[in-house]
Trainee: 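Okay, here's the structure, questions in a sec.
The model shown is predicted, which means the values in this text are computed figures rather than measured ones. Just so you know, these numbers use all the heavy atoms, side chains as well, and skip hydrogens, waters and symmetry mates.
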Amino acid sequence: MNDKENQISEASIKRIVDNFYDKIRQDTQLKPIFEQAIGTSTEAWQPHLEKMYAFWSATMLNSGHYRGNPMQKHKALPKFDTNLFDRWLVLFEETARSLHTEDIVEQYKAKSHLIARSLQLGLECEPAEIK
């Protein structure tokens, strides 16, 4: 029996976000970056998770729940190796695959790749010097 979800809902977004960030918090490469930015306690993580529920709801369901500027948030972080976005993508796809049917996984995969590449390029590119 296939118990994977075949649709995206607010509840399924919460599950994917929670499961994904559980993986992040265990990952030797990503954990230090996230802990430096967010903290280590469950209480410190809750506001970030709430933002991510809203972000993915807006991204996948066009809900309009998210208000913010992800690029500015990432630019404000201490410098990190932007190649780690590849690791982020691997964990995100693993999480999506563990919870959803393949057609939903592909939707998440397409969006997550666009987001990761956009952030990666934005963080790697210096603004042009104005003369």
Trainee: Roughly how far, to the nearest 0.5 Å, is the CZ atom of Arg87 from the CG atom of Asp81?
Mentor: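 Here the interatomic distance stands at 13.5 Å.
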Trainee: Are His65 and Phe55 close enough that their ring centers fall under 6.0 Å?
Mentor: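 Not under 6.0 Å, so no.
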Trainee: Mind checking the CG-CG spacing from Leu89 to Leu84? Nearest 0.5 Å is all I need.
Mentor: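 So the gap between those two atoms works out to 11.0 Å.
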Trainee: Find the distance between CH2 (Trp88) and CD1 (Ile33) and round it off to the nearest 0.5 Å.
Mentor: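 These two atoms lie 13.0 Å from each other.
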Trainee: Write down the atom of Pro32, the atom of Gln29, and the distance for their closest heavy-atom approach.
Mentor: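 Reported closest heavy-atom pair: CD-O, 3.7 Å.
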Trainee: So His100 and Lys4, do their side chains get closer than 4.5 Å, heavy atoms only?
Mentor: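 Lys4 vs His100: side chains apart.
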Trainee: Which value, rounded to the nearest 0.5 Å, describes the distance between Leu61 atom CG and Ser9 atom OG?
Mentor: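 Interatomic distance, Leu61 CG to Ser9 OG, rounded to 0.5 Å: 7.5 Å.
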Trainee: Assess, by modelled atom type and distance only, whether the side chains of Ser12 and Gln7 contain a donor and an acceptor separated by less than 3.5 Å.
Mentor: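 Absent: no donor and acceptor within the cut-off.
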Trainee: If we only count heavy atoms from C-beta on, is the Tyr21 to His48 side-chain gap below 4.5 Å?
Mentor: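 The answer is yes; the side chains approach within 4.5 Å.
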Trainee: Please report whether the ring centroid of Phe20 lies less than 6.0 Å from that of Trp56.
Mentor: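 Centroid distance Trp56-Phe20: not below 6.0 Å, so no.
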Trainee: Could you grab the distance from atom CE of Met52 to atom OG1 of Thr59, nearest 0.5 Å is fine?
Mentor: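 Answer for the CE-OG1 pair, Met52 versus Thr59, is 8.5 Å.
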Trainee: Does a side-chain heavy-atom distance below 4.5 Å link Glu5 with Thr101?
Mentor: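 With C-beta onward as the side chain, the pair stays apart.
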Trainee: So Asp27 and Phe34, do their side chains get closer than 4.5 Å, heavy atoms only?
Mentor: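 In short, these two side chains do not touch, never coming nearer than 4.5 Å.
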Trainee: Closest heavy-atom contact between Ser63 and Ala58?
Mentor: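 Scanning both residues completely, I find the closest heavy atoms to be OG-N, 3.3 Å.
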Trainee: Can you hop from Leu123 to Leu77 via hydrophobic side chains spaced under 4.5 Å?
Mentor: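 Leu123 clusters together with Leu77.
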Trainee: In terms of side-chain geometry, is the basic nitrogen of Arg117 or Asp86 positioned less than 4.0 Å from the acidic oxygen of its partner?
Mentor: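 Salt bridge flag = yes for Asp86 with Arg117.
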Trainee: Using 4.0 Å as the upper bound for N to carboxylate O, is an ion pair formed by Glu102 and Arg97?
Mentor: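 Yes, charged N to carboxylate O under 4.0 Å.
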Trainee: Measure the shortest side-chain to side-chain distance between Phe92 and Asn19 over non-hydrogen atoms and say whether it is less than 4.5 angstrom.
Mentor: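 A side-chain contact is absent here, since even the closest heavy-atom pair is not under 4.5 Å.
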Trainee: Quick one: does Glu93's side chain have a donor or acceptor within less than 3.5 Å of a partner on Lys109's backbone?
Mentor: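 Not confirmed, Glu93 side chain does not pair with Lys109 backbone.
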Trainee: Got Tyr66 and Tyr53 here, is their nearest side-chain heavy-atom distance under 4.5 Å?
Mentor: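 SC-SC contact between Tyr66 and Tyr53 ruled out.
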Trainee: Are the side chains of Phe85 and Thr82 in contact, using a 4.5 Å heavy-atom criterion?
Mentor: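 Yes, their side chains come closer than 4.5 Å.
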Trainee: Taking NZ, NE, NH1 and NH2 as the nitrogens, is one of them in Glu35 or Arg25 under 4.0 Å from a carboxylate oxygen of the other?
Mentor: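 Salt bridge absent between Glu35 and Arg25.
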Trainee: Indicate, with yes or no, if Val90 and Val105 share a hydrophobic cluster defined by side-chain heavy-atom contacts under 4.5 Å among Ile, Leu, Val, Met, Phe, Trp and Tyr.
Mentor: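 Not linked; separate clusters.
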Trainee: Looking at every non-hydrogen atom in both residues, tell me the closest pair between Ile8 and Ile104 and how far apart they are.
Mentor: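 That would be CG1-CG2, 3.6 Å.
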Trainee: What do the steps show when you test Asp18 against Lys14 for salt bridge (charged side-chain N to carboxylate O under 4.0 Å, His left out), and what is the final call?
Mentor: CA-CA 6 Å; Asp18 289 344; Lys14 186 176 185 313; 3.0 Å; yes
Trainee: What's the separation between atom OG in Ser112 and atom CD in Gln107, rounded to the nearest 0.5 Å?
Mentor: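 One gets 11.5 Å once the value is rounded to the nearest 0.5 Å.
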Trainee: Do Ile24 and Lys31 make a side-chain contact, defined as non-hydrogen atoms from C-beta onward lying under 4.5 Å apart?
Mentor: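 Not touching, per the 4.5 Å side-chain cut-off.
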Trainee: Taking the side chain from Ser118 and the backbone from Ile115, do they hold a donor-acceptor pair closer than 3.5 Å?
Mentor: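 No.
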